[in-house]
Every structure is written in structure tokens, then in C-alpha cells.
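Working notes, beginning with the structure itself.
Sequence lines set the chain letters: A, B, ... in the order given, protein chains first and strands last, and positions in each chain run from 1.
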2 protein chains.
Amino acid sequence: MTRRLDPDRRDRIIDACLELIAEAGVAGTSHRKVAERANVPLGSMTYHFTGMDELLREAFTRFSDTVVAVFEERLGAAGSVAEARAAVVGIIHDDLLASPRDLVLTHELYALAARSPEYRQITHRWMRRSRAALERHFSPDAAAQLDALIEGLSIHRALDTEPTDSRRTVDAVARITAP
Amino acid sequence: MTRRLDPDRRDRIIDACLELIAEAGVAGTSHRKVAERANVPLGSMTYHFTGMDELLREAFTRFSDTVVAVFEERLGAAGSVAEARAAVVGIIHDDLLASPRDLVLTHELYALAARSPEYRQITHRWMRRSRAALERHFSPDAAAQLDALIEGLSIHRALDTEPTDSRRTVDAVARITAP
DNA sequence: CAATCATGCGTACGAACGTACACTAGTTGC
DNA sequence: GCAACTAGTGTACGTTCGTACGCATGATTG
């Protein structure tokens, strides 16, 4: 068996792909640009991935796994319901979609998921995991509502004019999680 | 002044553009494909629009105006807080992003808005108007929270595995809008 | 050492792209 | 009826795209 020259070439390609999508969108992403960004020859693209679709699927899978891992960690560290509530507020205000990069990637993924089931599997997995993390502290009802609230508040925080009012976030989380 | 041959040619182009984005995403949309779909010659594209960006901006402006108009109408018809609450539930479950078309278009727009300020103006306007519509019935705090909740629930309804549970939606709306 | 084989790359091809621009045709003003 | 003008079109250019495929290179086997 021939030893691999550059074992994380595949990884580099995926990372470069995510960076590129964050900057230029899926619309502005091509094999050539990804290859250049990842410092691999164009031929590597078709060697490592059957096509653009496979590359995108792997890239967005990695992305969502990374984001949800932070989510789980934040919530896992909470030892009480009060701490869990605080964690949720923190997630909305600090972590999730805080960087433009994550915001763009999330919506590019959603746009793909809205159009084709093969990407919807990725969002399904993502949402299932985040809801499960919430259910360790809250009832299933509250978890589902909170999950949606986190989504909505994160988006509006990023795409609305109004500056964020953390008091409102705290209040909303309290209302949803009240017994 | 020369009379226009086909006065709604521009409109047709914009509509065709939206249809195409709904099917193939911004990534799969080109001047040529839009022209074909709208039954106009390729030359018309550059004649009516300075470039892809102008076309996309106009298309998404029209789209968001249409969606928010339905939103306003639904809420405007409510004569009491209770009716307004019911309208919100209805919006989440029936209207908004109910069709795959609207879902795709929304996220394609968000992806653009996440990346560039010129598209963010469109989302700003959209969110300002929907929040204003909510504020006719609810306090500014509740309106902002509701707006986010609507966003999040609509998304999760579309991209999550779980079937929608309308009882949860009613409950969440009640919690947010409780005095 | 020779034969074999998998890994990985360079290149080239045809299709599709955005855009510029010379142009036609039909209208207006005199 | 002719000159000036404008709305709208057809085409062609240079670029970029995805992908196929023949080839190099270095390891493995006998």
C-alpha cells in the first residue's frame, strides 16, 4: 500500500471550501477557487470528491457538527436550570452565529436544505442534537420552543436594524422556561 | 417618446428570476436561464438591469414586500389581542414559508444579507415592517420576541424532523404575550 | 531488479457564463 | 419625407467553469 503523501489534504479542501462559501457564497464557490485556497492542484478536487455536491455535503456536515458541539458543551456545563437559562442567553448573544462566517454558512446551508432532502438530513441531525441538549435541562415542550427562539433571536440579532437588547432575551427565555 | 412594446417585460424578468432561484438557488441562476424562462432575449437582461446584482436586489425586494404584505393583512384583520394571537399562530402554521418556494427564497436572501449590507437593507425593511405590524397589538418587547419566535418556529417547522405540534405553538405565543 | 499497481496530478476540452456594443426598427419633430 | 432619436436586440468575445483521462511517481511484490 502506498503511503499517503499528505494525509490531511482532504481536510484542507473542506476547510477551504467553508471559508470560501463564507466569503462568496455557494454561488461564488468553484472547484478551482477551492483548490487555489487549499493549495492543492485542481486535479485533487475530482480525486477526493466525486463532485461539488459531495464536497458541499461534507463541508456543511463538518460545519454543523462544530457549531452543535459548542452548543452541547455550553449547555452540558450548566448544573442547574438557572445556569442552563443563562447558558441559553449566552449562546444567543455570544456564541451562535456571532461571527459573520457562521451566519453566512448557516443560511447557505438552510437554503440548500430548503431545496433538497439530502441537505435536510444535515439540518435534521443538527436540530435533533441541539434539542436533545436542551432537553437535559428543560421539558420537551420548552426545549422545542427554546430551540426555535434561539434560532429566531440569533437571526434577528444579525439581520435586523435594532440593536440587541439582552434584557429582552433574558425575559423571553424566562417566559418559555417558566413552569 | 417611443411607446413601450411590452411594458411588463421587466416584471416578467423579475418573476422569472424568483422562480428560478426557488428552484436552483442563486448559485444556479444566470442571465441566460432567466431570459429563457421569462421569454425575453438575452440582450434584454443588460438593457433592463445593470447586472446580476441589480436584478437580485429587485427580485428579493419584491419577494419580501409580498410576504410582509400578507403578514400585515393577517394581523391587520385582528380586532383584539386574542385574535392577534390566533393570527400569529396561523401565520406560523399556514402562511409564512409554507411553500417550499418561500422557504428557499427567504434563506437565499438571508444568505446574501449575511454577506453584504446592500441586501441587509431588504431584511431590515422586512423586519421593521413585521415588527410594526405586531406592535399594533402587542408591546414592543413582546413584538420583538414574537417576531423572533415566528422566525424560529417557521424554520424549524420546515427544516426539522419533528412534525409540527400546534399546541406548542399556541403555548409559546401565549407565554410571550402574557402580561 | 523487474513487474505491477495504487496514488495523485497536469492538462485539455466543450459548455456556459457576463457583458459590451454595433445594430435594427419604429417614433417623433420639423 | 427626412433627420434625429430611442427602445430593444443579436451576436460575439474573453473568461471561467466542471470533468475526464492519460501519465508520472514511488511503493510493493516475487
What is the distance, rounded to the nearest whole Å, between atom [atom1] of [X] and atom [atom2] of [N]?
{"X": "A:Glu36", "N": "D:dG18", "atom1": "CD", "atom2": "P", "result": "13 Å"}
{"X": "B:Phe49", "N": "C:dA20", "atom1": "CZ", "atom2": "P", "result": "16 Å"}
{"X": "B:Met52", "N": "C:dA16", "atom1": "CE", "atom2": "C1'", "result": "13 Å"}
{"X": "B:Met45", "N": "C:dC17", "atom1": "CE", "atom2": "C1'", "result": "14 Å"}
{"X": "B:Arg10", "N": "D:dG8", "atom1": "CZ", "atom2": "C1'", "result": "14 Å"}
{"X": "B:His31", "N": "D:dG10", "atom1": "NE2", "atom2": "C1'", "result": "16 Å"}
{"X": "B:Glu54", "N": "C:dG18", "atom1": "CD", "atom2": "C1'", "result": "15 Å"}
{"X": "B:Asp53", "N": "C:dG18", "atom1": "CG", "atom2": "P", "result": "12 Å"}

For this session: May I ask you to verify whether the side chain of A:Arg9 and the base of C:dG8 hold a donor-acceptor pair under 3.5 Å?
Result: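 Side chain to base: no pair present.
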Phosphate OP1/OP2 of [N]: any [X] side-chain N/O under 4.0 Å:
{"X": "B:Thr46", "N": "C:dT19", "answer": "no"}
{"X": "B:Ser30", "N": "C:dC17", "answer": "yes"}
{"X": "A:Ser44", "N": "C:dC9", "answer": "yes"}

Exercise. Between B:Thr169 and B:His93, does any side-chain donor sit less than 3.5 Å from a side-chain acceptor?
Worked result: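 There is such a pair between these side chains.
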Would you indicate which nucleotide in [options] comes nearest to any side-chain atom of [X]?
{"X": "A:Tyr47", "options": "C:dG18, C:dT7, C:dG10", "value": "C:dT7"}
{"X": "B:His48", "options": "C:dG18, D:dG18, D:dG8", "value": "D:dG8"}
{"X": "A:Leu42", "options": "C:dT11, C:dC17, C:dA20", "value": "C:dT11"}

Is [X] salt-bridged to [Y], cutoff N-O under 4.0 Å?
{"X": "B:Asp141", "Y": "A:Arg175", "value": "no"}
{"X": "B:Arg136", "Y": "B:Glu72", "value": "no"}
{"X": "A:Arg37", "Y": "A:Asp15", "value": "no"}

Exercise. Closest nucleotide of DNA chain D for A:Arg32 versus for B:Gly43: which of these residues is on the 5' side?
Worked result: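 The residue whose closest nucleotide sits nearer the 5' end is B:Gly43.
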Exercise. With a distance cut-off below 6.0 Å to the six-membered ring centre and an angular limit of 45° from the axis, does A:Arg10 pair with A:Phe49 as a cation-pi contact?
Worked result: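 Geometry flag: set, cation within 6.0 Å and 45°.
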